[in-house]
Amino acid sequence: MCIFCKIINQEIPAYRVYEDEQVLAFLDIKPVNPGHTLVIPKKHYQNLEEIPEEELKYLITVVKKVAYLLKTKLGLAAYNLSVNNGRAAGQEVEHLHFHLIPRDAHDQHRSWLRTTYAPGAAEEIIKKLRS
Ligand code: AMP
Ligand code: ZN
């Protein structure tokens, strides 16, 4: 059983932020910033591809609710919402989870490094995506 399923089953402890029949939100044990929260479906799905759309719709509704909770109760100015989907994207726990990461303007966390398209490269991508 995966580590998040163990948290759901209360086999290992976590600071629970929100819980209902389908979804659990709890504090990340190694927060990027204080209040960093993970929101997960109680059913084990490895990634975004696996979760059925109806369950995903409900999950994202709860993500919004929890984000509002963090924003209002912790007085957050801003937050990042992200999913590391797949190992190459940094997914370490193979149970789908949304990261809600509190941010402030001075926290020094860098966002993505940007690149530029070589001539024709964007057109190639678009051709593939539309084929
Ligand atoms: P990811 O790299 O997207 O798979 O993120 C997994 C996250 O789970 C990391 O941010 C970890 O700090 C967090 N994590 C791992 N184990 C626990 C745990 N027992 N309780 C709370 N958060 C955890
Ligand atoms: Zn699991």
Side-chain angles (χ1 to χ4, degrees):
M1 187 189 290
C2 93
I3 189 160
F4 287 176
C5 284
K6 285 183 181 162
I7 288 176
I8 291 161
N9 293 341
Q10 307 203 10
E11 287 172 37
I12 59 173
Y15 290 101
R16 292 171 180 244
V17 172
Y18 171 91
E19 181 165 14
D20 65 29
E21 267 186 18
Q22 293 178 50
V23 176
L24 174 66
F26 56 99
L27 294 183
D28 192 303
I29 205 168
K30 286 188 183 162
V32 171
N33 280 326
H36 181 166
T37 297
L38 303 173
V39 187
I40 65 174
K42 285 192 169 174
K43 275 198 200 163
H44 180 97
Y45 298 113
Q46 187 170 334
N47 52 37
L48 219 43
E49 291 83 78
E50 280 193 2
I51 189 169
E53 283 181 14
E54 282 310 312
E55 291 173 47
L56 178 60
K57 279 183 196 169
Y58 182 66
L59 180 62
I60 196 70
T61 304
V62 173
V63 168
K64 185 176 161 93
K65 210 182 271 185
V66 173
Y68 181 77
L69 191 74
L70 296 175
K71 208 168 174 188
T72 53
K73 302 279 174 128
L74 301 181
L76 299 185
Y79 53 85
N80 287 115
L81 169 62
S82 66
V83 177
N84 297 330
N85 204 68
R87 197 153 287 219
Q91 183 175 13
E92 287 179 2
V93 177
E94 293 189 327
H95 182 132
L96 173 65
H97 50 283
F98 282 82
H99 291 260
L100 274 167
I101 304 174
R103 297 298 305 274
D104 74 69
H106 310 293
D107 65 19
Q108 304 291 327
H109 294 299
R110 304 277 301 276
S111 62
W112 310 110
L113 294 176
R114 300 304 184 111
T115 62
T116 52
Y117 283 112
E123 288 79 359
E124 274 303 308
I125 298 283
I126 289 296
K127 206 155 68 180
K128 282 184 189 164
L129 291 175
R130 292 184 182 168
S131 67

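For ligands, and for the atoms within them, numbers begin at 1 and follow the listed sequence. Note that the coordinates shown come from a computational prediction; the quantities given were computed from them, not determined experimentally. Positions are given from 1, in the same order as the sequence printed here.
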Filtering His95, His97, Glu92, Lys30 for the heavy atom nearest atom 5 (O) of ligand 1 leaves His97
Among Val93, Leu96, Ile12, Ile29, closest by heavy atom to atom 21 (C) of ligand 1 is Ile29
re atom 8 (O) of ligand 1, the protein heavy-atom contact at minimum distance is Phe4 CZ, 3.4 Å
Using a strict cut-off of 4.0 Å, indicate which atoms of ligand 1 neighbour a heavy atom of [X].
X     : answer
Gln91 : 4 (O)
Ile7  : 18 (C), 19 (N), 20 (N)
His99 : 1 (P), 3 (O), 5 (O), 10 (O)
Leu27 : 21 (C)

Using a 4.0 Å heavy-atom threshold (strictly under), name the region of [X] that reaches ligand 1: side chain, backbone, both or neither.
X     : value
Asp28 : both
Val83 : neither
Phe98 : neither

**OP:** Answer yes or no: is there a donor N or O on one side and an acceptor on the other, between the side chain of Asn33 and the main chain of His36, under 3.5 Å?
**Re:** no
**Study point:** His99 and His97: CA distance, side-chain angles, deciding distance, ring-ring contact (aromatic ring centres under 6.0 Å, His included) verdict
**Key:** CA-CA 6 Å; His99 291 260; His97 50 283; 5.0 Å; yes
Minimum heavy-atom separation for [X] to [Y], with atom names?
X     : Y      : value
Tyr79 : Leu100 : CD1-CD2, 3.7 Å
Glu55 : Tyr45  : OE1-OH, 2.7 Å
Tyr18 : Lys65  : OH-NZ, 3.9 Å
Gln91 : Gly86  : OE1-N, 2.7 Å
Pro34 : Pro102 : O-CG, 3.3 Å

Within a radius of less than 6.0 Å around [atom1] of [X], do more than 12 heavy atoms belonging to other residues, nucleotides or ligands occur?
X     : atom1 : answer
Lys43 : NZ    : no
Glu49 : CD    : yes
Glu21 : CD    : no

Ignoring waters, protein N/O/S atoms under 2.8 Å from the Zn ion (ligand 2) are Cys2 SG, Cys5 SG, His44 ND1, His95 ND1
CD1 of Ile8 to NZ of Lys42, rounded to nearest 0.5 Å, is 7.0 Å
Rounded to the nearest 0.5 angstrom, the CD1-CG distance for Ile60 and Leu81 is 5.5 Å
Would you check the N or O atoms of [X], main chain and side chain alike, for any that come under 3.5 Å of an N or O of ligand 1?
X     : result
Gly90 : yes
Ile3  : no
Asn84 : yes

**Message:** I'd like to know if the side chain of Asn84 pairs up with that of Glu92 as donor and acceptor (distance under 3.5 Å, no hydrogens or angles considered).
**Reply:** no
- Applying a strict 4.0 Å limit to heavy atoms, is Val32 in contact with ligand 1? no
